[in-house]
Every structure is written in C-alpha cells, then in structure tokens.
Amino acid sequence: MNRGIIFSIEEFGVNDGPGIRTVIFLKGCPLRCAWCHNPEGISFKPQYMEKKTGRMLCGYTVDAADIAEKILRNRDIFEMCGGGITLSGGEPLAQHRFVEEFLQQTASLHRAIETSGYAPPKTFRTIVDLVDLVLMDVKLMDSAKHKQYTGVDNHRILKNLDYLCTSGKNFVVRIPLIPGVNDDASNMQAVLSALKGAKSLQRVELMRYNKLAGAKYPMIGREYHPPFDPAQTPYVTDIFEKHQIPSIVLQ
Amino acid sequence: MNQRIKELRAFIMDKKHHMHRHSSEHLGIHQLNEIYRRENLSPIERAVRNLATVFDREQPVILPGERIVLTRTVADIPDLFTEQEWAEIKSKYYLHERGYVCNISPDYATTLEKGLEARKAEITARIADPANDAEAVAFLQALLQSVEAIQSLVEKYEQYALSKGEEEIAATLHAVKTDGATTFHEALQLLRILHFTLWASGNYHNTLGRFDQYMYPYYRKDIESGRLTEETASELLEEFFLVCNKDSDLYPGMQQGDNGQSMVLGGRSITGAYLFNDLSELCLKASYELNLIDPKINIRVDKDTPLEVFELGSELTKIGLGFPQYSNDDVVIPGLIAKGYSREDAHDYVVAACWEFIIPKVAMDIPNIDAVSLAECVRNRTKDLKHCATFDDFMRLTEDEIRTQMDAIHRKHRNLWMAPAPVMSLLMDGTVERGRDISAGAKYNNYGIHGTGIATAVDSLAAIKKYFFEEQEITYEALTDALANNFAGYAEIKEKLRNEAPKMGQDNDYVDAIAVDLLNRFDAVLQEYVNERGGIYRAGTGTAMYYVWHAKGLGATPDGRIADEVIPANYSPSLFIRQKGPLSVIKSFTKPNLRRVINGGPLTLEFDRSMFKNSENIGKLAHLVQIYIALGGHQLQLNTVSREKLLDAKVHPENHRNLIVRVWGWSGYFVELDECYQDHVINRIEFGL
C-alpha cells in the first residue's frame, strides 16, 4: 500500500547492471551534486518540463504493488538475458518504504539499486539486504569537499560503504569523473583504501562527466552553472586495475 | 582490410572508375530497339541480341589492384522495345514494375560447379529432343547464345589481362570461361561474371542468396589444402563485397541504394543443423571492415542460435549499416510450408530485395506485386459504424473492405507479361527441362501483398472499440464529422484518440488482440484468391515505398492521425505514439501469428548511436534480438542513427556523403534520398538513452 513518486521508467536500460534492465527512476534526492544530469529528479514533487514537443508533467505517484505487477510481466524476458530491474533516481533510499515493498513484491527478479548511499544506516541495511546488486556512488572521500559539491556531508555514505564492503553483498562502485573536482589521484587513492579487502566488490565503474548534463536545466526553469570546467577532459585513473580491482570507463 | 583493399575501396568510393563509362548513345547502341522492330525480332531474340551487343561494346577494365574483375562500362542497358511497342504491350498485358524479371533468387551454385561448357552441353543435348516445340527450340537456342556471349566477354577480358601482364587474372578467367570453379577465387570470379550478366540483361534486384552455403565448399577446400588462409580468403571476400558497390549506382531501383543485392547467412537445415559457418562469420567481418551498403546482409536465426551470432550481427548494427536484418526460421519455415511450399524448399528460403521470403532456384514469385492499405480499409468503413451493433460487426466490415481492395488488385494483375530473361532462366531450376523461359513461371508462382499502415489500422480499431462501442464517449456523428474535417473543431476528440487511446506497441492486450485478429483476417481474405498462374496470394507486413504513397491522400484516421500524416514503414508502431520502450514494442508485435503473414516485413527498431559508446552494450542488443526471435517474431531490422547527424546532413549533405540509413528494406546513403524519405527516417522513433 506504499506509494512513491517516480519520474521515468526505462525499459531498455543498458548502463545500470547486468543484462537488459528496466530502470525505475524515483523522484527526489537529498543531494545537490553540482554535475547532476537529471535535475528533474531532485524535487520530490511533480513539476512541469518544457520540452521541444510541448509541456510535460514530470513525476507521478504509483503504488508499489501495482508497479511491481507491471514489471513482473516481463519476467520471462529478464530470465532470457540475465537482466532485471534497477531502482535509480533521484535517490531511491529517500523513499525507502515504497522501495522496500516493491523489492519484496519482485523477489523473483534480479534486483539492483543505484544509490548515493546517503541514508540512515538502518535504512541502508534493510534495503541492501533485499537486493541482489548495489550500484553505489562514491564521489568524494574528503568530507569538506563532499559538502561543497553535493550539499551534504559524506559521513553516512562512508559508513554505509563500510557496511557494504563487509556485507558480502555484490556491489559495484561508481565514481563520476568530474574534472578538477574528484578526478585527482589522492581522491582515487582514498577510494581504493576504503575498498580494500571488499570481497564482494564486482568492479569499479568510472563514469565520464556527461557533457549534456546541462541540457535539462532550462526545461525546469533552472540555470546550470557548474563550478568546474565541463570542457576539461577528466583524468582517468588506472589505480584500481593496478590493485587487481576490475574497472571500466563508461561514457 | 589490407592496403590493397583499402586503396581499391578508396578508388571505387571516389568513383574514379566512372571515367571508363560511356552511354549507350555514345556507343551508338541506344536505338537497337528500332532495329529489332524493323527486323521483327521476337522478344527472346531481342534479349539475346541485346546482351551480345552490350558485351561486344564492353571495354575491359582492370582497376588498380583488382583480382576479381568486370566493371560496367556501358552505362545504360538499351531497351528491348520501342516506346510504341511498350505502349502496345501495356495495352494488352499487366506489367509488373519495369516489365523485366526481377527480385528472384538465382541458382548460382549449379553453374559455379559445372561450368559454362557443361551448361552448354546440357542445353545442346536438350535441343536435340525431337519432341520440342518451336518455342522450346527458340528458348534453348537463346540460352546457348547467351552462354556464348558470356564466354566471349570473358575471353576479351582474358586477352586484355594478358596484354597488361595480369597473369593471375588471365588464368582465373581462362579457367572459368569453360569449366566449373575449382578454387574460392575462381568461384568468386565466376559468380561476379554471372551476377554482372544478370544486370547487363536488364534484370534487377538480383539477389545473392545463400552465399555462405554455396560458396562454402570452395572456401573449405582452399583452407584445407592450404591454398588460402583465413586472412587471404578474407581479402578475396572483401574484394568481392567491394565489387558489389562498383556499378550499383547503375542498377535500377526506386531510390539510389534500393538495388536488391541481398545476401542471406546461416539458417537451419532440414535435418536440424545450424548452418552458420566460418565463411558466414567472415562475411559479417568483411561487411564490418568495408562499411558499405552492399551486399545487404540478412541472418537466418532461430531460438537456438548461439548468442555469438547475434553479437557479430550487433557489431554491424553498431556501425550504422542498417543491417543485418534477422529472420526467424522457427516462424518462416512453418509459415512457408503452410502456404504450400515443400519442406525442402521452405528450408532453403532467402530474402528478396528487401525482406520478402522467397525460394531460390525454383520460385518465380512476385512478392511485391501490390499492397493493401489496411489503414484505408478501416477509415473507409467508419461511415458504416451506425449499422454495427458490435465491434465484431465492424471488424467484419473492415475485412470486407480488404476483400474489396483485393478484388481490384486481383483484376488488375490479369494477363501478366514479362520480357524473356534467358540468362536468369539459365540460373533457375527446370527451365532447360521445360524448354520455357523463367518469365513464363516456375514451380512456385505466388504473389505477395504488402499490408500497409498496420499499426494505424489497429490503433484506429482500438479507439473505435473503446470510445464508440464500449465507453460510448464519442458519437457516430462526432467521429465521422471529425474525420471528414480533419479534426478541425474537434481538438478534444483528436487529443483523446491520438494521445489517450491505447496503441499497438505498448504491450497492451486490448489493442494487441485486435492486431492478432486483423492480421488473421488479412491472411484469410488473401487465401480466397488464386492468381492466374495458379499461385496464391501471400499476406505480408512490409510496406516498401507504399508507406509514402498510401499516407498521401489518406484522410484523418480514428487513431487521431491527421490527413496526409505519415504512416509507419513496415511492421512498426505509429510514429506519434507515446512509447514505453523496445520491450513493450517487441511484446506487442510478437503477439500476432506471424506465420500467417509470411510475405515478410520486419519490425524496425531504431537506437541512438550513443547506446554503443559502451562496448558491453553490444551483448545487450544481441539479447534484445534474441528475445524478439524467442517470442516468435518473424523478422527484425535495427537502425543506429543520430537525429542530430541526420538533421545536419539535410543541411550540409557535402559533409555526410557516407552516412548510411535503412530506408524500407534496404540501406542507402542518406544524402542521396529524396526529401520525403529523409524526413521519414528522421521522424522515426528512437530508443535513445
């Protein structure tokens, strides 16, 4: 009976976990990342977007059981290709009751969650225990810089990352490569240290800064002023490979 | 691609070989038809004389680095008949397209194996049969003369090669002038000669068939004996593929690129073996390396085809060639058997110029003879809604309208006539035995009918069912008046029909059940007709260029589409609907019993190029194709496009000469298309990320 607000369902998600995945984008996020490319996912309320094709209402509420039932219709397809569902956002953990019910209802599917890790540890653990794979963003290890660029302190995030490293749960660490912000060697070294010994870490995904990130801001009546030079090419570390942690650069 | 192939590719792409071309007028052979008329030559005598004359005027050319030769220098093939004669023919007969045999799949294998001398001997023996009638004797003599014309062209090239010190070329030509091929190289050269001759005979949409099957024995033998390595074989293969792009701008078609050089790889044999072999794989790799629009690759797959095959295919999709196109043996073969093809023939099916399923060697099918506008069928009967008590009554009226269109089509096709095609006959089974030209028919003489606007028709029917019959929200007067006035003054109704009504492609059983019903009825109506050659009519889901023709002049439809607005190409969702994504499209479009619409016509999915930035996504696309096949789809074609690039190419064609797009059943260069086709490609739906 839990309701949640989502802003998009993508049927052929190919960048958020194994196989062909249906990705549900939950609306609302406590972070304010300076490079966010889904600004319409930040507010927890429905809002209008002005698209080339006309005005469109972005965000609608759904019932967890209803949406689970719809997704389950494609179970045969997911089984054929080793795919499943991924909850993304926004920050899905910000709607943890909805997420919890949805995950319980879809237990027969491969379930992944893409999260910033910014949630109370209890919430984080409850949800992590329900999924098959966690795609966790690790942006900045330095607490002050984290607050500067994302609007929140990273204390909880690191605590949750610690849990993940020892939980035995399969997980992927995703690092956005933001030129001049977090692509420096010392940040990468710090991430590496945090991941040391994590047996269930599948790999590290280095996500190149999305140069189209600014595209959607005007559609929701906002301006995009990144506090870094978007045209700069980020430094792509090889530190993880050097330490036998598989890594891949995603565009 | 090694250096030699790279240079040859650049030479051909820069059209440097065009300097060797001369028009028939320049060569003084543009009015042969007047001579034929004066001499009162029969059509078949003209066909042979024409070929011999063209070959006589052909000037041997060896492009720098070539090992497989034959380049067209006679730019246009003279017509067999004068304008007045054509007018007379048309007054008496029905002509399909240009009146020449086209769009069938020749048997190259027999001649490759036996050689031209053996074929001559076979014909000579057959001429001696005292039971022959005059027509048979004339036909068989024409065959003989055609082979002789081919041999003299080969001889001319051989002498030229010798004079240029090209000994390998000369030796290859010398061998295949008389004998069957003994090596892969000879087989490719002889295939080039035969294919070249078909085009020079005025036949068109000359498909290449199951190349990886009939060429495999030569390939394997050379690999096993050590004559070739995979690398040297690839080089020859790449050259052959390149050769297919050499004269293709001279081949007749609706648009540049629509030349029907289809090649079919893989497939399940009658004994259950999957026939995708080393050569099939090399073909995909050669196509990937060359990145050219010909030959157009099709892969026969089924639910048990290994994922690797789909992955190899997806690599080609990624570079934006618009092929491979996939066809599903699990659907096509039983579908063809149900339509009366023998089990053996059905297992040998290939794809015609675009997507039509045809049988090599034995079928003189005309799989693109006409089209029924299903969208129009629904629209035309909307005025009779007031006489319908139930939705099913209205479905019956729609079916009646299909019948009305079919009656007209059936009447139109009486007295079919085609110009005799001795060379094509030489390459088809049973013609020598029968002593009859292939244009007179073969073992199968079936006609194919495209069904256009399937999604438009289905969406219209769904809207009628929901808003007129069930919810009764839209009255008869409002609906008919709105359609008649192109929704002027009916904005609310238009919005409801266009944006709120359920649509085919959204995995909605309510709509999809109507699609199942409509396609079953389409097939059932066609089964009531027998063509004058004793063949059947096959229903199909392709559209060819009819998607443009049938949209123009088609008034507003009950799916909220306005008058003259485009309808989808082939078997695809309507262009303006709100898409949920490719899984929903696939699920919707695999619900109909596609065995019944076995004339073919692919579901088309378009992906944004950005999807392939991550190499892992090739595998995911491969899975998507596999899913379509597993769910019972018959045919699938995928495009990789970037909308921005296409828009820019319209404005700056000079910067996008090599931009390839899939048009309806073939890939062509975007900048060479007429604007209406360009715009349609741009408007199609993309599953961008």
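Residue numbers begin at 1 in each chain, while the letters A, B, ... track the order of the sequences.
In this structure, the ring of A/F12 has its center less than 6.0 angstrom from the ring center of B/F607. Checked against the 6.0 Å centroid criterion, the rings of A/H37 and A/Y209 do not qualify as a close aromatic pair. Taking the six-membered ring wherever Trp is involved, the centroid distance between the rings of B/Y628 and B/F589 does not fall below 6.0 Å.
Residues from residues 495-513 of chain B that place a non-hydrogen atom less than 4.5 Å from a non-hydrogen atom of chain A comprise B/D507, B/D509, given in numerical order.
Judged purely by distance below 3.5 Å, without hydrogens or angles, the side chains of B/T590 and B/H634 never pair a donor atom with an acceptor atom. For the residue pair B/N617 and B/K318, no side-chain donor N or O sits within less than 3.5 Å of a side-chain acceptor on the partner. Of the N and O atoms on the side chains of A/T86 and A/E114, not one donor lies less than 3.5 Å from an acceptor on the other residue.
Electrostatic pairing of A/D132 and A/K169 does not count as a salt bridge here, judged by no charged N lying under 4.0 Å from a carboxylate O.
Both the backbone and the side chain of B/L624 come within contact range of chain A, judged by heavy atoms closer than 4.5 Å. For a residue to count as touching a neighbouring chain, one of its non-hydrogen atoms must lie under 4.5 Å from one of that chain's; by this rule A/R73 touches chain B with backbone and side chain alike.
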